[in-house]
Every structure is written in structure tokens, then in C-alpha cells.
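A short worksheet on the structure shown next.
Order of listing sets the numbers, starting from 1, for every ligand and every atom in it. Note that the coordinates shown come from a computational prediction; the quantities given were computed from them, not determined experimentally.
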Amino acid sequence: MEIESGEPKRPCSRTRPMSDENVMIEVCELPPVDSEGDALIDGLAELLVDAVDSGASVSFAGALDRGVAQEWWRRTLATFGDRDVLLVARDSEGIQGTVHVRGCWQSNQRFRGEVMKLLVHRRARRRGLGNALMDAIEEQARLKGLTLLVLDTNAQSEADRLYIRRGWVRLGEIPGYSLRYDGQPWPAAFFYKHLT
Ligand SMILES: CC(C)(COP(=O)(O)OP(=O)(O)OC[C@H]1O[C@@H](n2cnc3c(N)ncnc32)[C@H](O)[C@@H]1OP(=O)(O)O)[C@@H](O)C(=O)NCCC(=O)NCCS
């Protein structure tokens with residue numbers, strides 16, 4: 001799987017080849033237009049539903065209706081500003097993964113961004129795509145002038161391991177922060193990373 005930059009309206013990182021498939025990581029121009037926009041929302045909604053079905057704690061408890069997921073993405077993308085970046089990884093089958101960063105609105109924290117909704121479809125996991133998306137979003141954040149990134153995730157999850165492996169600083173956990181897929185209160189881990 002070769003991961004390379006998409007349409008170079010804004011440059012995106014080229015990362016190491018990992019197998020023989022082709023996956024492109026693209027910076028999405030927002031707001032998306034017409035049918036292109038519908039396809040993007042559909043693909044992102046499918047990813048979110050797949051993540052919830054896989055037991056991930058990504059804002060939604062219980063089975064996630066596809067229409068609710070589409071509406072969530074529609075509303076979220078509608079509020080994107082010029083310091084926010086959405087990345088989408090695609091192959092010939094469609095969208096395989098996504099992640100976004102949002103620049104903080106506070107005028108005394110314009111250098112800080114929050115990384116959100118790192119999602120890789122189950123059919124594409126454990127091949128390095130999550131890591132490649134993080135490489136790319138950190139690079140895009142730098143291009144936006146962000147020098148401090150923060151995020152949180154379910155403790156003891158694959159994402160928790162991934163951020164530690166990437167050198168993010170794990171501040172600690174808040175117990176019972178959200179409900180896990182089985183309804184059990186579960187801790188969240190909080191991270192930050194200074195970009196150099
Ligand atoms: C977290 C998530 C994005 C990781 O995506 P991914 O593409 O599987 O990530 P990677 O492939 O980079 O790494 C995952 C694992 O695969 C391993 N891996 C990477 N490339 C590999 C390869 N070529 N062969 C075998 N294993 C490989 C990594 O070492 C890592 O192992 P570990 O979890 O045992 O430490 C994905 O599991 C996901 O979407 N989860 C649900 C949503 C979620 O929780 N998101 C986080 C919100 S904050």
C-alpha cells in the first residue's frame with residue numbers, strides 16, 4: 001500500500017510504502033460541493049458507523065444509525081474554518097480512513113489544535129494507515145501554524161497505543177469519562193504533542 005499525497009492544493013506528506021495497494025491521503029477542500037459532497041459525507045458516515053460497530057468509543061453509544069452519522073458529519077464540516085483540516089484516505093473501494101484537526105478559536109491559543117476522529121475502516125486496519133494519517137495531520141497542522149496539539153481517546157485502546165508509539169505525551173487518565181460499547185464507564189487518556 002503506497003500512501004502518497006493527494007491533489008497538491010495544500011501539500012500533504014508522502015509516507016513510506018507498506019504493501020502493494022495504492023492509498024491516497026488527501027486534504028479535503030471544504031465545504032464540499034454537490035454530489036462530491038454527498039459522496040464524501042456518505043463515506044465518512046460509513047467509517048463512523050463501522051468504528052462504532054467495532055466497539056470504538058467515538059462520541060456515540062449503542063448502534064449508530066447511518067442517517068445520524070451523515071447528519072453529524074454534515075453539521076461538523078459546515079463549521080470548519082480556515083484553520084481546520086480534514087484528511088481522507090481513499091483506495092479504489094472508497095474511503096478507508098480519516099482524521100481532522102481543528103485550530104482553537106481562543107485568541108490566546110491560536111497555536112493550539114485538537115486532533116479528532118482518527119478512524120480507519122476495519123477492512124484496512126493494522127497496515128499502518130492510522131499511523132500514516134497521524135503523520136499527515138501533524139504535517140498539515142504545522143502548515144497551519146499550529147505548534148501544540150491535544151487529543152483524548154479511550155484508555156487501553158489501539159488508539160491509546162498508537163499515540164504513545166508516536167511519541168505523544170500521555171498526561172494520564174480520567175476515570176469513567178465515557179461509556180464503552182458495553183455501557184460500562186471507561187477512562188479516557190489525554191495526550192499532547194509539541195510540533196517542532
Ligand atoms: C485506532 C485506529 C485508527 C488505528 O488504525 P490502524 O490503521 O489499524 O493503525 P496502524 O495500522 O497504524 O496501527 C495499529 C496496529 O497495527 C500494527 N501494524 C501496523 N502496520 C502493520 C503491518 N504492516 N503488519 C502488521 N501489523 C501492523 C501496529 O504496530 C499497531 O499494533 P498495536 O495496536 O498492537 O500496537 C483504528 O483501530 C480505529 O479506527 N479504531 C476505531 C476508532 C478509534 O478508536 N479511533 C480513535 C479515536 S481518538
Side-chain angles (χ1 to χ4, degrees), residues 1-4 12-26 43-64 66 68-69 72-73 76 84-91 93-102 112-141 148-174 176-193:
M1 172 169 64
E2 186 179 354
I3 296 184
E4 55 186 35
C12 195
S13 60
R14 178 180 282 267
T15 59
R16 66 185 170 85
M18 285 168 287
S19 79
D20 56 0
E21 284 176 79
N22 283 319
V23 173
M24 302 279 284
I25 295 181
E26 300 163 12
L44 292 171
E46 190 195 328
L47 266 184
L48 190 52
V49 169
D50 179 72
V52 173
D53 285 350
S54 78
S57 180
V58 280
S59 311
F60 297 93
L64 176 60
R66 202 183 170 101
V68 172
W72 185 86
W73 278 111
T76 300
D84 306 329
V85 182
L86 174 75
L87 295 182
V88 165
R90 297 175 200 268
D91 67 359
E93 288 182 58
I95 296 179
Q96 285 197 339
T98 187
V99 65
H100 59 267
V101 65
R102 307 207 68 167
R112 183 165 69 82
E114 185 168 3
V115 173
M116 288 183 271
K117 293 281 180 293
L118 172 67
L119 308 172
V120 172
H121 198 280
R122 276 177 288 183
R123 70 182 158 85
R125 287 188 193 168
R126 303 192 69 79
R127 289 191 261 154
L129 182 54
N131 194 51
L133 281 163
M134 287 303 294
D135 275 345
I137 203 69
E138 289 175 22
E139 183 179 344
Q140 289 298 314
L148 173 62
L149 297 181
V150 297
L151 62 79
D152 64 81
T153 194
N154 244 21
Q156 289 111 51
S157 63
E158 290 211 346
D160 192 355
R161 288 197 297 278
L162 189 149
Y163 303 133
I164 292 170
R165 199 165 57 240
R166 292 186 55 79
W168 283 61
V169 180
R170 194 179 193 276
L171 286 173
E173 298 180 4
I174 298 181
Y177 192 76
S178 61
L179 299 183
R180 209 172 58 162
Y181 61 89
D182 55 3
Q184 196 179 328
W186 199 258
F190 286 76
F191 289 86
Y192 74 87
K193 184 171 188 176

Proximity to ligand 1 by part of Lys117, non-hydrogen separation under 4.0 Å: neither

So do Met134 and Tyr163 actually touch side chain to side chain, heavy atoms under 4.5 Å? yes

Heavy-atom gap Met116 to ligand 1 smaller than 4.0 Å: no

Taking 4.0 angstrom as the limit and counting only heavy atoms of Asn131, give me the atoms of ligand 1 inside it, by number and element. 12 (O)

At the 4.0 Å heavy-atom cut-off, does Tyr163 count as touching ligand 1? yes

Looking only at heavy atoms of Leu151, does any of them come nearer than 4.0 Å to an atom of ligand 1? no

So do Leu149 and Val101 actually touch side chain to side chain, heavy atoms under 4.5 Å? yes

Atoms in ligand 1 flagged as close to Leu119, the criterion being non-hydrogen separation under 4.0 Å: 39 (O), 42 (C)

With side-chain contact (heavy atoms from CB on, under 4.5 Å) as the criterion, how do Thr98 and Trp73 come out once you've worked through the C-alpha distance, each side chain's angles and the decisive distance to 0.1 Å? CA-CA 12 Å; Thr98 187; Trp73 278 111; 4.2 Å; yes

Should Arg90 and Glu93 count as an ion pair when the cut-off is N to O under 4.0 Å? no

With nothing but distance in play, are any N or O atoms of Val120 less than 3.5 Å from an N or O of ligand 1? yes

Is a donor from one side chain sitting under 3.5 angstrom from an acceptor on the other, for Glu138 and Trp168? yes

Side-chain touch Met116/Val99, heavy atoms, less than 4.5 angstrom: no

With respect to atom 8 (O) of ligand 1, which of Arg127, Arg126, Arg122 exhibits the smallest heavy-atom separation? Arg126

Give the contacting part of Leu162 toward ligand 1: side chain, backbone, both or neither, where contact means a heavy-atom distance below 4.0 Å. side chain

In a check of side-chain contact (heavy atoms from CB on, under 4.5 Å) between Phe191 and each of Asp152, Val169, Asp160, Val150, which one passes? Asp160

Would Arg125 and Glu158 pass as an ion pair if we require N to O under 4.0 Å? no

Non-hydrogen side-chain atoms of Ser57 and Arg180 separated by less than 4.5 Å: no

Using a 3.5 Å cut-off on N or O atoms only, is Gly130 in polar contact with ligand 1? yes

So, for Phe190 and Tyr177, is the gap between ring centers shorter than 6.0 Å? yes

Show the atoms of ligand 1 that are less than 4.0 angstrom away from any heavy atom in Asp152. 48 (S)

Run the numbers for me: atoms of ligand 1, each under 4.0 Å from some heavy atom of Glu158, listed by number. 37 (O)

Just to be sure I read this right, does ligand 1 sit under 4.0 Å from the backbone of Arg161, its side chain, both, or neither, counting only heavy atoms? side chain

For Leu129, take its heavy atoms, then give the atoms of ligand 1 lying under 4.0 Å from any of them. 7 (O), 11 (O)

Enumerate the atoms of ligand 1 whose separation from the nearest heavy atom of Gly128 is less than 4.0 angstrom. 10 (P), 11 (O), 12 (O), 19 (C), 20 (N)

Please check whether Ser54 reaches ligand 1 - meaning an N/O of the residue sits under 3.5 Å from an N/O of the ligand, judged on distance alone. no

Whether the Lys117 and Ser59 side chains hold a donor-acceptor pair (N or O, under 3.5 Å, no angle test) is what I'd like checked. yes

Does the pair Arg123/Asp91 count as a salt bridge with the N-to-O cut at 4.0 Å? yes

From the options Arg165, Met134, Gln96, Arg166, select the one whose nearest heavy atom is closest to atom 13 (O) of ligand 1. Arg165

Could you tell me, atom by atom, which parts of ligand 1 come under 4.0 Å of a heavy atom of Ala159? 1 (C), 46 (C)

Give the atom numbers and elements of ligand 1 that come within less than 4.0 Å of a heavy atom of Ala56. 41 (C), 42 (C), 44 (O)

